[in-house]
Amino acid sequence: MSSSLAIPAVKQIVAKLAKGEVEEAELIEKIENSCLKFDHDKKGMLTPDEFFNVLKLQNGIDCTKEEVKAVCGPLPCSKDGKIKIRDFLYLDVQSESAFRAMDRNKDGFITKGELKLAKKKLTMKEVDQVIKDYDLDKDGKLNYEEFLKSQQ
């Protein structure tokens, strides 16, 4: 799996807000603080429904419970269905939601520019290499099928 094509669950939700890098980082910090306040038993874990409450009710982010459950799906969880707050905020996951979050203009492709926006720490050389490695039809961008192949 290419970790270059994976992003944390929380970023999959906030990506549609199209915030700048600093604004997005500030929002994620605010969400982290809300999560910690919502963690009443202080175990560092919340359920997908609790993450939804933190995002929608406490931070006013336009999302549905289904979206939150979908981005939480690939994350490791406890027997009682709770997910570590740190995993929700920082663990890179590769999923359909991650693809949709990276595909900023919703044309069904991840371009070099969209990948760079999603993975700001990558150099342009690394971005070029990721696209080259998985761009099977050689059109210079990744479609969903190519994205899925990068998971194998």
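Computed from a predicted model, the values in this text were never measured in an experiment.
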Is it true that, when you exclude [X] itself, more than 12 heavy atoms of the residues, nucleotides or ligands shown sit nearer than 6.0 Å to its [atom1]?
X: Lys79; atom1: NZ; value: no
X: Lys121; atom1: NZ; value: no
X: Glu29; atom1: CD; value: no
X: Lys37; atom1: NZ; value: no

Would you kindly say whether [X] and [Y] are connected by a side-chain donor-acceptor distance under 3.5 Å?
X: Ser95; Y: Gln12; answer: yes
X: Gln129; Y: Asp133; answer: yes
X: Asp80; Y: Ser78; answer: yes

Check whether any side-chain heavy atom of [X] sits under 4.5 Å from a side-chain heavy atom of [Y], and report yes or no.
X: Asp49; Y: Lys69; answer: yes
X: Ile28; Y: Lys11; answer: yes
X: Pro8; Y: Val93; answer: no
X: Asp137; Y: Asp135; answer: yes

Quick check on the hydrophobic clustering: are [X] and [Y] connected, directly or via other members, by side-chain heavy-atom contacts under 4.5 Å?
X: Val71; Y: Ile31; answer: yes
X: Met124; Y: Ile110; answer: yes
X: Leu89; Y: Val14; answer: yes
X: Leu57; Y: Leu17; answer: no
X: Ile7; Y: Leu122; answer: yes

Arg100 and Glu96: CA distance, side-chain angles, deciding distance, salt bridge (charged side-chain N to carboxylate O under 4.0 Å, His left out) verdict: CA-CA 6 Å; Arg100 285 197 314 268; Glu96 185 179 350; 3.2 Å; yes

Between [X] (side chain only) and [Y] (backbone N and O only), is there a donor and an acceptor less than 3.5 Å apart?
X: Lys106; Y: Asp103; result: yes
X: Lys84; Y: Lys43; result: no
X: Glu114; Y: Asn105; result: yes
X: Glu146; Y: Asn143; result: yes

Please name the residue in the list Asp39, Asn59, Asn53 that meets the side-chain hydrogen bond (donor to acceptor under 3.5 Å, both in side chains) test with Ser34.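 Of the listed options, the one satisfying the test is Asn59.
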
Applying the side chain to side chain contact (heavy atoms under 4.5 Å, CB included) criterion to Lys56, which one of Asp62, Ile61, Ile13, Val68 satisfies it?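 Testing Lys56 for a side chain to side chain contact (heavy atoms under 4.5 Å, CB included) against Asp62, Ile61, Ile13, Val68 leaves exactly one candidate, Asp62.
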
Run the salt-bridge test on Glu67 and Lys16 with the 4.0 Å N-O cut-off and return the result as yes or no.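 Between Lys16 and Glu67 there is a salt bridge, with a charged N closer than 4.0 Å to a carboxylate O.
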
Presence of salt bridge, Lys30 and Glu26, under 4.0 angstrom: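 No salt bridge links Glu26 with Lys30.
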
Please state whether the rings of Phe51 and Phe88 are parallel, tilted or perpendicular, taking 30° and 60° as the class boundaries.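 Phe51 vs Phe88 ring planes: parallel.
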
Students often mix this up, so state it plainly: with edges at 30° and 60°, are the rings of Phe38 and His40 parallel, tilted or perpendicular?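 It falls in the tilted class, 30° to 60°.
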
Heavy-atom pair of closest approach, residues Ala118 and Met102: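 Heavy atoms only, the tightest pair is CB-CG, 3.4 Å.
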
Which atom pair, heavy atoms only, marks the closest approach of Leu27 to Lys19?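 Where Leu27 meets Lys19 most closely, the heavy atoms are CD2-CE, 4.4 Å.
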
Please lay out, stage by stage, how Ser150 and Gln94 fare under the test side chain to side chain donor-acceptor pair (under 3.5 Å). CA-CA 9 Å; Ser150 74; Gln94 196 166 350; 2.5 Å; yes

Step-by-step side chain to side chain contact (heavy atoms under 4.5 Å, CB included) determination, Leu5 to Leu115: CA-CA 8 Å; Leu5 291 170; Leu115 180 56; 3.8 Å; yes

